[in-house]
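Have a look at the structure below, then the notes.
Each ligand, and each atom within it, is numbered from 1 in the order the structure gives. No experiment lies behind these values; they were computed from the predicted model shown.
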Amino acid sequence: MASVPDASKIGIEKYPRKESKNIQYGTAGFRTRAEDLDYVLYRVGMLAVLRSKSKRGKLHDTKPNLQQSHIAGLFMWSGSCCTSLKGISSAGALLTPTWSIAVTFTDFLVLESKASTLIRPNTSNVCISEHVCSSKSPLSERFPNPKLHLLNYALVVTLMISAAKCELYKQGAAIGLMITASHNPEPDNGVKLVDPLGEMLQQNWEEYATRLANASDTELESVLHDIAEAESINWETRALVVVGQDTRPSSPDLAQAAITGVRVLGGEVKDYGVVTTPMLHYFVACINTEGVYGEATENGYFKKMITAFKKLQGDKPDSGNYVPSIMLDGANGVGAAKMNVCSQHLGDSLRVQLYNDGTGTLNYLCGADYVKIQQCAPHGVPKSTNARCVSIDGDADRIVYYYIDANDKFHLLDGDRIATLIAGYLMELVQKSKLDLQLGLVQTAYANGSSTSYISKTLKIPVACVPTGVKHLHQKAVEYDIGVYFEANGHGTVVFSDFARRRICSAAEDSSLPVDQLHAVGTLAAVMDVINQTVGDAISDSLVVETVLHARGWSIQDWEKAYTDLPSRQLKVVVKDRRVVVTTDAERQCLAPPGLQDQINILVKNFPNGRSFVRPSGTEDIVRVYAEADTQSSADQLAVHVASAVHQLAGGPFSTAQRREIHTEWLTQNDPTLNQVVPRQEPDDGYGLLFSNFLLEVAKLYEP
Ligand SMILES: CC(=O)N[C@H]1[C@@H](OP(=O)(O)O)O[C@H](CO)[C@@H](O)[C@@H]1O
């Protein structure tokens, strides 16, 4: 039985709160320096238990796009002293775990009901198909011909169902707990919770997480009680927390803190060890659907997507300009290790040359975030002209492609490109399949303007813009029958509604359809299995991209021809309090501080195709600036001017003396005659790209 006072006592003894500074559960959970996190992990472990207890362990009626499983029959058998019934699934297999009911001579007494199964019994889909064994049982003596006593059997069924339901309500849903700081530097770490179907944590629970993490040691007990009361937690409900961690050196100790937190509140732990973030999301969905979404093992994860991938490749991995070979930058993270396993399964269907395989420093000068923000190739990957290169991030939930042309020019194919490639392909399949399914694409304000016009004007696919953060994209995407969503940084996936899934699967079995149509629905069905619908997944996304390129016979250069990106620049600005920046219209307009949006509007007019917006980051203590324009130089200048406006109007903390110092640094680092931003690696002082990009340019503006 859970004991909140014990939990609080252990917390004070083993995991006392260290940080006086408050932390916030942001777009990707908690993230900060690893040494400040153990008490947070302990508390998040406890929160995961409450979350599990708050969710009933039956999910088929809450997740429309996952298959519904049901009992198709009941199997009755007789032993020497009792007769039992077992559920039979629609596939004809005995259900595991099974509900067993022993029936005694005198009455129908439920002796055992193991309904830890998440399958929802429903009298309308239960039918009795009894089988009485030859050995004599008290029941068969009393009712020699069971068929004559259907009423009695109906009673057994009713008892069994109610017992099962009773048990069912005692089982909470599995909740995921992932320890990672994704693309952050190696000394950082973080944690996020995963909701029952692999989706991001529900909003009000993010607030609980923040409150719990920031409670003083003495407040811990009352905060836990408050959450339990607000969510009407039944302490009898069994909780299951599924734990995963990335390869950071700090992760094992933090995992231990989280596991202690789970156990202290009486939760069960399923520890998957080192896994990618998307794998953990997938496992959670598999467990909560009792395997309907897939098998909750690493092998099951790879088997599902690679079997479908190979089916789509057919027996010819080469196709037109497409060559089944990629160079992969694994960011020295968990994705590298898992991609290694994946490539063994893939064999010749896709040859993967792995770099930044984990022997170097995590995310250092490599990985999807570095490549996207710095707009250059990662270190550690040899230059190979026109080769198709892939960069994933530290926990393998983001992916970008790139290549270097014969003139040594770097070309980036980011999340916008991946989204348009996949959406265009799916749209074509939907049209060929003649299924009446609505497809939509979801982006954020960071999407390149060219991609948005290509989607709406050329592909003619509806496109929506939502605030930054995968949960916003996912929420919008599920409004479509097929929703494709990607952040420009390469985090995204595709979700199929239950309606779409059922239409596709039933059409795929309809042999009366014309060959072309049947081929299109069969392809759609296989593509669904390559996709990890729970969350953006670099490994799964790479296989989807490869599938489309193979189907089209395209090289990476062919893919790039679809449209031309507008040059863009992202900068970070440190201000005293980033919350002074308030935005609206999916973060594209700034409401506060007063005058900032007016300044942006004036600045943007000076640059052809200019667009710029600012927003407070959800993961770092900074304000982000985005700018795009017709040339790289214009985009850089616009970004710097807007960043300068943010610095002035939103409380940039630097004095004239500091700016002078920075200016001197800038002069020593850059050729002042060049009107361009020279990216440098993040220094250790925590200001990150601020120094490498923005402040050096601002210093130039403030020249003494
Ligand atoms: C511009 C940018 O890339 N922002 C990222 C970043 O969020 P911020 O709120 O911008 O710090 O981290 C998020 C979590 O990984 C990701 O969802 C988002 O896209």
Side-chain angles (χ1 to χ4, degrees), residues 23-32 178 180-185 188-194 199-201 206 246 276-278 281 331 333 335 363 367-375 391-400 412 414-416 418-419 442-448 465-477 485-493 535-538 541 568-575 578-579 581-583 586-588 611-628 639 642-643 646 682 688-690 693-694:
I23 56 170
Q24 195 178 355
Y25 193 100
T27 355
F30 291 115
R31 245 180 237 188
T32 186
M178 182 68 199
T180 182
S182 190
H183 56 274
N184 285 34
D188 285 359
N189 215 324
V191 58
K192 68 173 180 181
L193 293 183
V194 178
E199 71 278 43
M200 297 294 181
L201 186 64
E206 290 186 0
D246 70 10
T276 68
T277 299
H281 283 250
N363 295 328
D369 194 57
Y370 174 85
V371 172
K372 167 74 182 161
I373 300 285
Q374 301 289 346
Q375 301 188 21
S391 237
I392 64 177
D393 73 336
D395 63 338
D397 62 0
R398 290 190 194 179
I399 179 171
V400 295
L412 177 68
D414 61 6
D416 301 337
I418 296 173
V442 189
Q443 300 184 314
T444 70
Y446 290 99
N448 195 279
C465 183
V466 298
T468 306
V470 182
K471 67 177 175 207
H472 299 296
L473 289 115
H474 194 100
Q475 268 163 23
K476 184 70 191 169
Y485 71 85
F486 267 87
E487 293 190 302
N489 59 33
H491 190 143
T493 187
V535 79
D537 181 336
D541 288 341
S568 67
R569 177 65 65 194
Q570 276 191 53
L571 298 177
K572 303 179 186 187
V573 186
V574 172
V575 294
R578 72 188 197 269
R579 289 171 301 180
V581 176
V582 180
T583 63
E587 305 176 322
R588 290 172 291 193
R611 180 171 77 92
S612 181
F613 66 91
V614 303
R615 55 173 280 278
S617 160
T619 59
E620 292 176 62
D621 204 3
I622 45 132
V623 175
R624 289 193 199 280
V625 171
Y626 176 87
E628 63 185 32
V642 172
V646 172
E682 186 167 325
L689 287 172
L690 179 75
N693 283 335
F694 164 60

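In terms of protein heavy-atom proximity, atom 3 (O) of ligand 1 is closest to Asn489 ND2, 2.9 Å.
When Thr276, Thr180, Thr277 are each tested for a side-chain hydrogen bond (donor to acceptor under 3.5 Å, both in side chains) with Asp246, only one passes: Thr180. The residue from Asp537, Asp369, Asp541, Asp414 that alone fulfils the side-chain hydrogen bond (donor to acceptor under 3.5 Å, both in side chains) condition with Arg398 is Asp369.
Those atoms of ligand 1 with a heavy atom of Ser617 less than 4.0 angstrom away are 8 (P), 9 (O), 11 (O). Near Gly618, meaning under 4.0 Å from any of its heavy atoms, are these atoms of ligand 1: 8 (P), 9 (O), 11 (O). Distances below 4.0 Å separate heavy atoms of Ala28 from the following atoms of ligand 1: 14 (C). Against a heavy-atom cut-off of under 4.0 Å, Arg615 is close to the following atoms of ligand 1: 8 (P), 9 (O), 10 (O).
For the side-chain contact (heavy atoms from CB on, under 4.5 Å) test, residues two or more places apart in sequence or in another chain that qualify with Ala447 are Asp416, Gln443, Ser451, Thr452. Not counting sequence neighbours, the partners of Ala477 by the side-chain contact (heavy atoms from CB on, under 4.5 Å) test are Val442, Tyr485, Val495.
Checked for salt-bridge contact, Glu487 and Lys372 miss the test: no charged N lies under 4.0 Å from a carboxylate O.
The part of Tyr446 lying near ligand 1 is the side chain, judged by heavy-atom distances below 4.0 Å.
The closest approach between Arg624 and ligand 1 falls below 4.0 Å for a heavy atom of the residue.
The residue among Gln570, Met200, Glu487, Arg398 with a heavy atom at the shortest distance from atom 12 (O) of ligand 1 is Arg398.
In this structure a side-chain-to-backbone donor-acceptor pair under 3.5 Å is missing from Asp393 to Ser182.
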